Amino acid sequence: MSFIHLIGFGLKVGHLLLMLCCSFLSVISVNRFTNCIEMKPKSGVKIWMKFLEIFSGNACKIHHHYYQYIGSREVRKAWSRKLLILWFVFGTILSLWFFWYLRSQAMEKRKETLANMCDERARMLQDQFNVSMNHVQASILISTFHHGKNPSAIDQDTFARYTERTAFERPLTSGVAYAVRVLHSEREEFEKQHGWSIKKMTPVNKDEYNPEELEPSPIQQEYAPVIFAQDTVAHVISLDMMSGKEDRENVLRARALGKGVLTAPLDLIKSNRLGVILTFAVYKRDLPSNATPEERIEATDGYLGGVFDIESLVEKLLQQLASKQTIYVNVFDTTNISNPISMYGTNVLDTGLQHVSPLNFGDPSRKHEMRCRFKQKPPWQILAISTAFGIIVITLLVGHIFHATVNRIAKVEDDYHEMSELKIRAEAADVAKSQFLATVSHEIRTPMNGVLGMLDMLMDTVLDVTQQDYVRTAQASGKALVSLINAVLDQAKIESGKSQEKGIELAVYISEKVPETLIGDPGRFRQIITNLMGNSIKFTEKGHIFVTVHLVEEVMESIGVETEPSKKDTLSGLPVADRNRSWEGFRPAMGISDSITLIVSVEDTGIGIPTEAQPRIFTPFMQVGPSISRIHGGTGIGLSISKCLVNLMNGEIGFHSIPKIGSTFTFTAVFGFDSIPKVNGQSKSEFRGMKAIIVDPRHVRAEVSRYHIQRLGMKVEIIPSLINNSVSTNASKVIFLIEEDVLDQDSRTTTVNHKIPAKMFLLTNSIGGSWKTGLPVITKPLRVSMLAAALQRAMGGGSSVRNGEVPKVSLSKLLVGRKILVVDDNNVNLRVAAGALKKYGAEVVCADSGRKAISLLEPPHSFDACFMDIQMPEMDGFEATRMIREVEYSINNRMQNGNISKWHVPILAMTADVIQATHEQCINSGMDGYVSKPFEANQLYQEVFWKRGSNSSRRKLDVVTI
């Protein structure tokens, strides 16, 4: 069935191509083309515009033309016959290709077999030759007992017996002989001493050889007569090796080089067979390896030669192989590549294949090779023939069912046409649904702004702990509803309270060296941390999630000192991935005077990332596996977005993950300094002089608690347990913060001493923590506001600490002297925005329409900024902004004095539409930015600070408050 679908796909593609061609030709008529050619060149642009208009206007007819001309049954029948013929042609070509391929494979295998056989014979011949060459040891005998003794201690009989006994060590040599070096001045005395004259080397037939009939060696500067020889070559005694051309050259090269050399193939004396002679020089004394040729000639005593009968030796070697009869072997001397000399073998007919194996006989100046051929011609390729025949049969079978396939495709196309119509309707319904959701979410955001704003203002009043809990619950519910609206608009956020529902330890630690106010992009920074924590919460079922923020210099200084954390040194006591390895490969931090680099790590004890999936973890829309998307959801784009944002902030991102242990993600970001007044986190005198005792055996968790408590100005002591620990005498100013697991463990062995007038608080991870102890509960993650509220309650209340928030001395003065206009037709939104800005000390003026805003902002005026709603009756915020900018532009143009600052009041939109189109419309209308509803007080403050300066246009600065 799958093969039928494949054929159907091919037909579909063919139909589609024909459909496009016919549609194109039917739309562009010949008359239109002729008229376009006759037009003037200046109207070329109009011609193309008209052409595009015609083509795009008729593009919708393509589908109609397809079904009218190409999709008809008659055309399908005709094309099915043509495609059937093409199919048969394709099958034939495919069968021929397979035949060629299998035949070439067989030939390659045959070549490989020939190469193996030839290389084996060449290797055996070369090894035997090298063995014979290495065991030509008669030079030791000659040097020791002939030249080393006077008179000589050996004679011909001794030499012959010695070489005969050691002949087995030289399996390829026919014999060994020794020739002594004789100068011309020594010739007469030499001949008298040996009783024979030095003869000239002359090749003769074996039957005609007679040493007495040989001519004397001609007069020359020196001679090399043979004085000792193996019995097999004893006929060479008295022959002068310097009288033959090949032998002379061989002797001269041997003594100059100091190693064995070979002659070219030559006819051997007496046997008249083809052979080579291997010659060594025998020296009077030991020579250094770097001796010069002149030194070697002067120290030469004689020459030792080994005779190789190549034909008989190769024949003897091949007889040892059982398969020698399957190939022909030829041995050549290829020193002269243009005229190689055959040393063994016969001329044979060309059987199509030949393999050449190189031979190395130890003389680099001589080149030899072995050439091999098969004796039989290649057999018939049965496999290739049967495979090609099988393909032809399959092609015929497929063609037989082709007609039924075409009919099936026709039915599928009709069904596809019907489904396309349904798809268009579904898409229209989807658009309507999206518009409905966008409208509903916009309408919900406006009242939610009032709800959350009023709750935030309520938190600024004096409330007890129960009331605070109610307000925070209402705030959490409101923010959860806003998160749900954002999810509808594809703005995914971390689900509120997810970590607390799972009972996961969530903690944050910020180094004391990190400034409280930095210049950067808070949106990007927040989104990166949100994405990383979202993944950690999603994939962590137990343990902890730990966020740390340091200066990069602190971390780099600790490299090489810190070791991999042990199980006891982690926040939850579970093993974690080493964070030091998560920033391996980061570039060294560049020291810039007006900027600092933060390094942020998010550590979890989740399921980890499989090793094979780690290289693609930052690839968009890529997830670890299909089960991850099915179980945990998500699109797989969060980490890729985080990496892009980190790059935009001139930072780097990396990770280290161990499957079933956890992951640690680390990124860096570059921020600037600013002269913003620091918000002092120290509390007033209510907490000074107090001491907090943290009962926690885990060092890391206790240090995180210490960090948050010390921000209140309290002294902190850490003890591992309540057992065997006493409280100081001034117990009225001592509080205990006890981890829930520690209290559960200690309660089994001891009881709390209720006589101690110390305050005890229970630290727990879950919202519904253990209330059975009767102790007040502080829910993690720890916040200074929660700690301050609990302490205020324990101290009996006070007006200086409001609802658990640390009093910030300079908070109410951040916008002192700033006059801000808020424009909104909704009275609740006006009250929320005004209250939020007044909280920071700003002077706020409210207006309920765009026209009032225009009149109030007509220069000259004293406003430093304006928050304007974009959806108002009569005149919306866009139109009001445009008119304000027009008035400013006209007044600025009339100013002649360049020292006078130009008018430009920062206008920021307040909108519940968070889509990109609305943002672009705000910028195009002249606005400087926007805040989305529902907004919080710090959003309005930050926007005012970014745009501060009433009469000058300044570059936007993003402020991150850590």
Side-chain angles (χ1 to χ4, degrees), residues 449 453 456-457 460 516-523 672-680 805 807-824 827 829-848 850 852-870 877 880-881 884-885 887-888 891-892 900-911 922 926-961:
N449 180 49
D456 187 64
M457 295 173 67
D460 290 335
E516 294 197 18
T517 304
L518 300 173
I519 300 175
D521 191 327
F673 289 110
D674 191 71
S675 57
I676 306 174
K678 281 193 173 181
V679 179
N680 190 359
E805 294 186 0
K808 299 181 180 180
V809 177
S810 59
L811 184 65
S812 61
K813 299 181 181 180
L814 290 175
L815 295 179
V816 171
R818 305 293 181 183
K819 186 175 182 180
I820 301 172
L821 176 64
V822 179
V823 185
D824 199 319
N827 187 48
N829 289 341
L830 283 176
R831 294 178 60 189
V832 171
L837 293 171
K838 289 178 180 179
K839 178 180 178 180
Y840 292 95
E843 178 185 354
V844 181
V845 176
C846 298
D848 58 1
K852 291 183 180 180
I854 295 173
S855 62
L856 290 173
L857 293 178
E858 182 177 357
H861 60 76
S862 59
F863 290 99
D864 296 285
C866 172
F867 287 92
M868 184 172 296
D869 187 23
I870 62 173
T881 301
I884 293 170
R885 295 304 185 211
V887 173
E888 291 178 343
I891 293 177
N892 291 335
I900 299 178
S901 300
K902 295 184 178 180
W903 286 99
H904 181 91
V905 60
I907 300 178
L908 303 122
M910 297 189 299
T911 175
C922 292
M927 294 182 175
D928 298 279
Y930 75 99
V931 291
S932 60
K933 299 177 183 178
F935 47 74
E936 296 181 358
N938 62 336
Q939 285 182 273
L940 300 181
Y941 157 66
Q942 289 177 354
E943 288 293 339
V944 173
F945 180 78
W946 295 340
K947 305 300 179 184
R948 64 186 178 183
S950 59
N951 295 327
S952 61
S953 178
R954 300 194 179 187
R955 183 179 178 183
K956 179 176 179 179
L957 297 176
D958 293 347
V959 178
V960 180
T961 302

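Along the sequence shown, residues are numbered consecutively beginning with 1. Just the heavy atoms: all of them, side chains too, but no hydrogens, waters or symmetry mates, feed the values below. In this text the structure is predicted, and so the values were computed from the model without any measurement.
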Taking all atoms of both residues into account, what is the closest heavy-atom pair of [X] and [Y], and its distance?
{"X": "Ala842", "Y": "Ile820", "value": "CB-CD1, 3.8 Å"}
{"X": "Ile884", "Y": "Ala853", "value": "CD1-O, 4.4 Å"}
{"X": "Met927", "Y": "Ala909", "value": "SD-CB, 3.2 Å"}
{"X": "His904", "Y": "Glu888", "value": "CA-OE1, 3.6 Å"}
{"X": "Leu830", "Y": "Ala847", "value": "CD2-O, 3.8 Å"}

For the side-chain contact (heavy atoms from CB on, under 4.5 Å) test, which of [options] pairs with [X]?
{"X": "Asp824", "options": "Asp869, Ile870, Val832", "result": "Asp869"}
{"X": "Leu857", "options": "Thr881, Val823, Leu821", "result": "Leu821"}
{"X": "Pro859", "options": "Val887, Asn892, Val905", "result": "Val887"}

Working to the nearest 0.5 Å, report the span between [atom1] of [X] and [atom2] of [Y].
{"X": "Glu858", "Y": "Leu856", "atom1": "CD", "atom2": "CG", "answer": "10.0 Å"}
{"X": "Cys846", "Y": "Asn829", "atom1": "SG", "atom2": "CG", "answer": "11.0 Å"}
{"X": "Ser855", "Y": "His861", "atom1": "OG", "atom2": "NE2", "answer": "11.0 Å"}

Side-chain heavy-atom pair Arg818, Leu837 within 4.5 angstrom cut-off: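 When only atoms from C-beta onward are counted, Leu837 and Arg818 do not touch, as no gap falls below 4.5 Å.
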
Tell me every residue that passes side-chain contact (heavy atoms from CB on, under 4.5 Å) with Arg831, counting only those two or more places apart in sequence or in another chain.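 Once residues adjacent in sequence are excluded, the partners of Arg831 under the side-chain contact (heavy atoms from CB on, under 4.5 Å) criterion are Met454, Asn827.
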
Suppose we screen for side-chain contact (heavy atoms from CB on, under 4.5 Å). Which residues come up paired with Ala880, at least two apart in sequence or across chains?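 Ile854, Met868, Met875.
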
Would you confirm whether Asp928, through its side chain, and Leu908, through its main-chain N or O, come within 3.5 Å as a donor-acceptor pair?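 Checked: no pair found.
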
Does Lys852 have any salt bridge (charged side-chain N to carboxylate O under 4.0 Å, His left out) partners at least two apart in sequence or in another chain, and if so, which?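 Once residues adjacent in sequence are excluded, the partners of Lys852 under the salt bridge (charged side-chain N to carboxylate O under 4.0 Å, His left out) criterion are Asp848.
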
